[in-house]
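Values below: every heavy atom of this structure, side chains too, minus hydrogens, waters and symmetry copies. All residue numbers in this chain count up from 1 along the given sequence.
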Amino acid sequence: VGRARNLFKLAKLALQSDSTRVVSLFLKGMDLKPPIDGVHEDHHGLSHHGRNPAKIAQLRLVEQAEMAAFRDFLVSLRETRDGEGSLLDSTQVLIGSNLGDASGHGTSNLPVLLAGGGWQHGQHIAGDPRKNTPLANLFVSMLQRFGMETDTFGSGSGTLNGLV
């Protein structure tokens, strides 16, 4: 979590100084026991909790700490002026996971969160699990927000409904 906080600070500085317009972070450390009170196992082992309440309780502590670091990053972007608005207003921030159900390595219904960038927020948009709404449709929407004229990206063949 401390490493993530430092990476978020570095990302903010890179965006704020206009050193880059794109930042991609991979938060590693899943095989380590995070230094969080009440957590006694490594994050990866906790994610394979097998519905064990004690492991789920520890996993909740880890994930709450991770999301608090992400929240603080978003707040720092919101509090940083950028032109007529904030750095968050002019930055699309996406966080997610490669697993929808880490306990069973399920790769459908991936949890993602999109913040900033002028999008309509404060909602939950669920894809259709029967039709397998491609996550790449979100990427098409994001690319179009960047000004790219495209209707496809990977398996995406359109935009994600409900964003605007």
Side-chain angles (χ1 to χ4, degrees), residues 1-12 14-15 20-31 34 36 43-49 51 56 58-78 80 82 85-164:
V1 175
R3 187 179 316 127
R5 285 187 181 282
N6 287 334
L7 288 170
F8 288 145
K9 287 177 185 175
L10 184 60
K12 177 193 166 203
L15 294 166
T20 187
R21 287 291 175 190
V22 177
V23 176
S24 177
L25 301 176
F26 173 69
L27 302 177
K28 193 175 186 281
M30 294 288 295
D31 294 327
I36 299 171
H43 188 180
H44 185 249
L46 293 173
S47 72
H48 294 289
H49 49 72
R51 306 230 185 270
I56 291 172
Q58 291 180 67
L59 181 61
R60 183 175 290 117
L61 293 172
V62 173
E63 291 178 349
Q64 285 173 336
E66 290 172 340
M67 292 311 294
F70 183 67
R71 176 206 58 221
D72 293 347
F73 171 60
L74 294 178
V75 168
S76 74
L77 294 179
R78 185 186 68 208
T80 302
D82 183 50
S86 72
L87 195 53
L88 182 60
D89 294 332
S90 60
T91 305
Q92 296 183 77
V93 182
L94 180 70
I95 187 171
S97 175
N98 62 328
L99 296 174
D101 174 12
S103 189
H105 282 157
T107 58
S108 61
N109 297 319
L110 302 179
V112 296
L113 188 148
L114 176 65
W119 294 104
Q120 177 181 332
H121 297 292
Q123 61 183 334
H124 175 253
I125 300 173
D128 185 340
R130 290 181 299 259
K131 293 183 182 176
N132 194 22
T133 303
L135 179 59
N137 285 3
L138 173 61
F139 302 147
V140 172
S141 299
M142 293 175 74
L143 287 169
Q144 288 179 357
R145 181 60 58 111
F146 274 132
M148 295 192 65
E149 296 180 15
T150 185
D151 291 323
T152 63
F153 181 88
S155 62
S157 59
T159 58
L160 190 64
N161 294 329
L163 280 178
V164 181

Exercise. Could you walk me through whether Leu163 and Leu114 pass side chain to side chain contact (heavy atoms under 4.5 Å, CB included), step by step?
Key: CA-CA 10 Å; Leu163 280 178; Leu114 176 65; 4.1 Å; yes
Quiz item: Which value, rounded to the nearest 0.5 Å, describes the distance between His43 atom NE2 and Ile36 atom CD1?
Solution: 8.5 Å
Quiz item: Taking atom CD of Gln64 and atom CG of Leu59, what is their separation to the nearest 0.5 Å?
Solution: 10.0 Å
Self-check item: Of all pairs that satisfy side chain to side chain donor-acceptor pair (under 3.5 Å), the ones with a partner from residues 151-164, not counting sequence neighbours
Solution: Gln144-Asp151
Quiz prompt | Derivation of the side chain to side chain contact (heavy atoms under 4.5 Å, CB included) call for Leu7 and Val23 | solution = CA-CA 10 Å; Leu7 288 170; Val23 176; over 6 Å; no
Quiz prompt | Qualifying ring pair (Phe, Tyr, Trp, His ring centres under 6.0 Å) pairs with a residue from residues 133-154, counting only residues at least two apart or across chains | solution = Phe139-Phe153
Quiz item: Are side-chain heavy atoms of Arg3 and Leu27 found at a separation under 4.5 Å?
Solution: no
Quiz item: By salt bridge (Lys or Arg N to Asp or Glu O under 4.0 Å), which residues pair with Arg51, not counting sequence neighbours?
Solution: none
Self-check item: Nearest heavy-atom neighbours spanning Pro34 and Val62
Solution: CG-CG2, 3.7 Å
Exercise. Only counting residues at least two apart or in another chain, list the ones meeting ring pair (Phe, Tyr, Trp, His ring centres under 6.0 Å) with His105.
Key: His48
Exercise. Check for a donor-acceptor pair, side chain of Thr20 on one end and backbone N or O of Ala14 on the other, with a separation under 3.5 Å.
Key: no
Table please: side-chain donor-acceptor pairs of residues 88-101 below 3.5 Å, with sequence neighbours left out.
unit_1 : atom_1 : unit_2 : atom_2 : d
Asp89  : OD2    : Ser86  : N      : 2.9
Asp89  : OD2    : Ser86  : OG     : 3.3
Ser90  : OG     : Asp82  : OD2    : 2.6
Ser90  : OG     : Leu87  : O      : 3.3
Thr91  : OG1    : Leu87  : O      : 2.6
Gln92  : OE1    : Trp119 : NE1    : 3.0
Gln92  : NE2    : Met142 : O      : 3.2
Ser97  : OG     : Leu99  : N      : 3.1
Ser97  : OG     : Leu99  : O      : 3.3
Asp101 : OD1    : Ser103 : N      : 3.2

Please report, to 0.1 Å, the donor-acceptor pairs under 3.5 Å made by any side chain of residues 69-76, with sequence neighbours excluded.
unit_1 : atom_1 : unit_2 : atom_2 : d
Asp72  : OD2    : Arg5   : NH1    : 2.7
Asp72  : OD2    : Arg5   : NH2    : 3.2
Ser76  : OG     : Phe73  : O      : 2.7

Quiz prompt | Leu143 CG to Glu149 CD distance, which is reported to the nearest 0.5 Å | solution = 12.0 Å
